[in-house]
Amino acid sequence: MPELAEVFWYAKQWDAGQGRRIRAVDLHPRKRVFRGCDTSALHDALLGTSLKKAHTHGKQMLFEFTGSHWLAVHLGMTGSLETKREPFEPGKHDHLVLHTREAALVFEDPRQFGAIRYYHDKGFPDFWKKLPPQPTDKAFTAVLVAKTLNRHARVPLKALLLDQRYFPGIGNWMADEILWQAKLPPHLLSGDATGKQARDVWRLTQKISAASLRIIGKDWSDPPKSWLMLHRWEDGGKCPRCGTLLKRETVRGRTACWCPKCQK
DNA sequence: CATCATGTTATAAT
DNA sequence: CATTATAACATGAT
């Protein structure tokens, strides 16, 4: 479920544990979410530390702990973070629990497409420093977006918007929203977009990212009904702009939803 | 029982 | 090598 703003919201859910000493770490080393992670190092390292600060970048989260310990979390499709009152007993899909005196910081993920990694570094881990500019950054420029569209000229716009190397944080509903507001069909090949259309994609990527952080990221409020977002999964959902029945079809392996009348 | 799911990545194919 | 297509991952909802 989580895209840019949802990830931002989830990251804040652990704030209740800030500055609280971690007294126990519960994890299941063989779970898929720990692939490539040294779980015993993670376990031993976090004991006795406390959470200093949560960072997010696109769909990536990074939790900074005292003693130069870092926990990178990706929520995949079904991951979530929550804080529970102690004493807390982990459930079936609670793969990592950081226990403090009052609050348990819980990572839950039924499908386990999410991932957890551990780093011990003086500053931000290398992978974090190399992440591409976010849509809300100054460095996310119209020129950069235009170049990306040209470089991947044969990729449908919808698929390109989902590419985290260029549009970090954009997921399925945001990509559909951007294309709907830009009045561009999801199948349009990136290289076939005009200069103005590329600029619209750039502008709306920024606008929708910023607005969803303000609205969903703040307290998980609904975006305006004038957006496509609230209509795209309803059966028989209609375009909020013209009332036409919305269409759904697979584009590059993911479901796209669009208005066949507005988006041409 | 079959299909689908707001994500990523390894591997195959071009 | 660069780019693109497909399958796979693990589980729950419909």
Side-chain angles (χ1 to χ4, degrees), chain A residues 1-11 28-37 56-61 72-81 90-96 107-117 127 130-132 134-135 147-181 186-192 205 208-209 211-213 215-217 220-223 227-237 246-258:
Chain A
M1 178 198 294
E3 301 179 23
L4 181 72
E6 292 92 343
V7 168
F8 182 82
W9 185 87
Y10 276 127
H28 304 245
R30 285 178 322 207
K31 293 292 191 159
R32 183 181 149 84
V33 292
F34 291 111
R35 57 197 180 278
C37 173
T56 67
H57 184 118
K59 298 176 192 170
Q60 309 275 351
M61 301 189 286
V73 180
H74 195 292
L75 297 174
M77 194 91 93
T78 53
S80 64
L81 299 185
K92 188 174 164 194
H93 303 303
D94 299 329
H95 308 303
L96 175 68
F107 168 77
E108 191 241 354
D109 184 8
R111 263 175 102 177
Q112 297 195 66
F113 290 177
I116 292 190
R117 282 162 303 159
F127 90 92
K130 287 190 243 163
L131 292 172
Q134 304 198 77
K147 257 201 266 178
T148 302
L149 265 55
N150 277 331
R151 178 152 170 226
H152 298 276
R154 310 290 309 282
V155 180
L157 267 183
K158 173 62 191 284
L160 194 60
L161 280 166
L162 292 176
D163 194 324
Q164 301 301 295
R165 292 173 298 175
Y166 312 111
F167 299 93
I170 303 303
N172 212 14
W173 80 254
M174 291 186 81
D176 281 350
E177 188 69 45
I178 290 163
L179 293 172
W180 178 79
Q181 293 198 23
H187 310 88
L188 182 65
L189 297 186
S190 302
D192 291 344
T205 299
I208 290 163
S209 295
S212 61
L213 281 169
I215 300 165
I216 301 169
W220 208 285
S221 301
D222 283 342
W227 283 24
L228 175 70
M229 201 261 202
L230 297 175
H231 312 271
R232 59 191 290 284
W233 283 124
E234 296 170 30
D235 251 342
L246 295 170
K247 207 165 169 179
R248 265 182 249 166
E249 206 171 276
T250 298
V251 176
R252 282 291 180 72
R254 304 295 304 280
T255 302
C257 174
W258 77 102

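Every chain is numbered from 1 and lettered A, B, ... according to where its sequence line falls, protein lines coming before strand lines.
Of all nucleotides listed (dA10(C), dT6(B), dG12(C)), dT6(B) comes nearest to the side chain of Glu3(A). In the set dA10(C), dT4(C), dT8(B), dT8(B) carries the atom at the smallest distance from any side-chain atom of Arg254(A). Taking every side-chain heavy atom of Lys92(A) into account, dG12(C) is the closest of dG7(B), dA5(B), dG12(C). Of the candidates dG12(C), dT6(B), dC9(C), dC9(C) carries the atom nearest the Arg32(A) side chain, counting heavy atoms from C-beta on. Comparing dT8(B), dT4(C), dA10(C) by their closest approach to the side chain of Gln112(A) singles out dA10(C). Ranking dT6(B), dA10(C), dT8(B) by closeness to the Gln164(A) side chain, first place goes to dT8(B).
Side chains of Ile116(A) and Phe107(A) form a contact here, defined as non-hydrogen atoms less than 4.5 Å apart. At least one side-chain heavy atom of Leu160(A) sits less than 4.5 Å from a side-chain heavy atom of Tyr166(A).
In this structure, Asn172(A) places its CG atom 6 Å from P of dG7(B), rounding to the nearest Å. Computed from coordinates, the Ile208(A) CD1 to dT6(B) P distance equals 17 Å when rounded to whole Å. dA2(C) atom P lies 11 Å from atom CZ of Arg165(A), rounded to whole Å. If you measure from atom CG of Asp109(A) to atom C1' of dA10(C), you get 9 Å, rounded to the nearest angstrom. Rounding to whole angstrom units, CG of residue Asp176(A) and C1' of dT6(B) are separated by 10 Å. In this structure, Asp163(A) places its CG atom 11 Å from C1' of dT3(C), rounding to the nearest Å. What separates CZ of Arg35(A) from C1' of dT8(B) is a distance of 8 Å, to the nearest Å. Distance His95(A) NE2 to dT11(C) P: 8 Å, rounded to the nearest Å.
OP1 or OP2 of dT8(B) has at least one side-chain nitrogen or oxygen of His74(A) nearer than 4.0 Å. Phosphate proximity of dT11(C) to His93(A): absent, as no side-chain N or O sits under 4.0 Å from OP1 or OP2. Using a 4.0 Å cut-off, no side-chain N or O of Lys59(A) falls inside it from OP1 or OP2 of dT6(B).
Heavy atoms of Arg248(A) sit nowhere under 4.0 angstrom from any nucleic acid atom. Residue Thr78(A) is classed as having no contact, given no heavy-atom separation below 4.0 Å to the nucleic acid.
Across dT6(B) and dT4(C), the matching P atoms stand 23 Å from one another, rounded to whole Å. Only the P atoms considered, dG12(C) is 23 Å distant from dT9(B), to the nearest whole Å.
Scanning all heavy atoms of the two residues, the minimum distance from Trp9(A) to Ile216(A) falls at CD1-O, 3.8 Å. The shortest non-hydrogen separation linking Thr56(A) to Ala11(A) is CG2-CB, 3.4 Å.
dA10(C) is unpaired under the Watson-Crick or G-U wobble criterion, no partner having all donor-acceptor distances under 3.5 Å. Applying the Watson-Crick and G-U wobble criteria (two distances, each under 3.5 Å), dA13(B) pairs with dT3(C).
Phe113(A) qualifies as a stacking partner of the dC9(C) base, centre to centre under 5.5 Å and near-parallel within 30°.
Atom CZ of Arg154(A) has 12 or fewer neighbouring heavy atoms from other residues, nucleotides or ligands inside a 6.0 Å radius.
Of the residues listed (Arg248(A), Arg254(A), Arg232(A)), the one engaging Asp176(A) in a side-chain hydrogen bond (donor to acceptor under 3.5 Å, both in side chains) is Arg232(A), and it is the only one.
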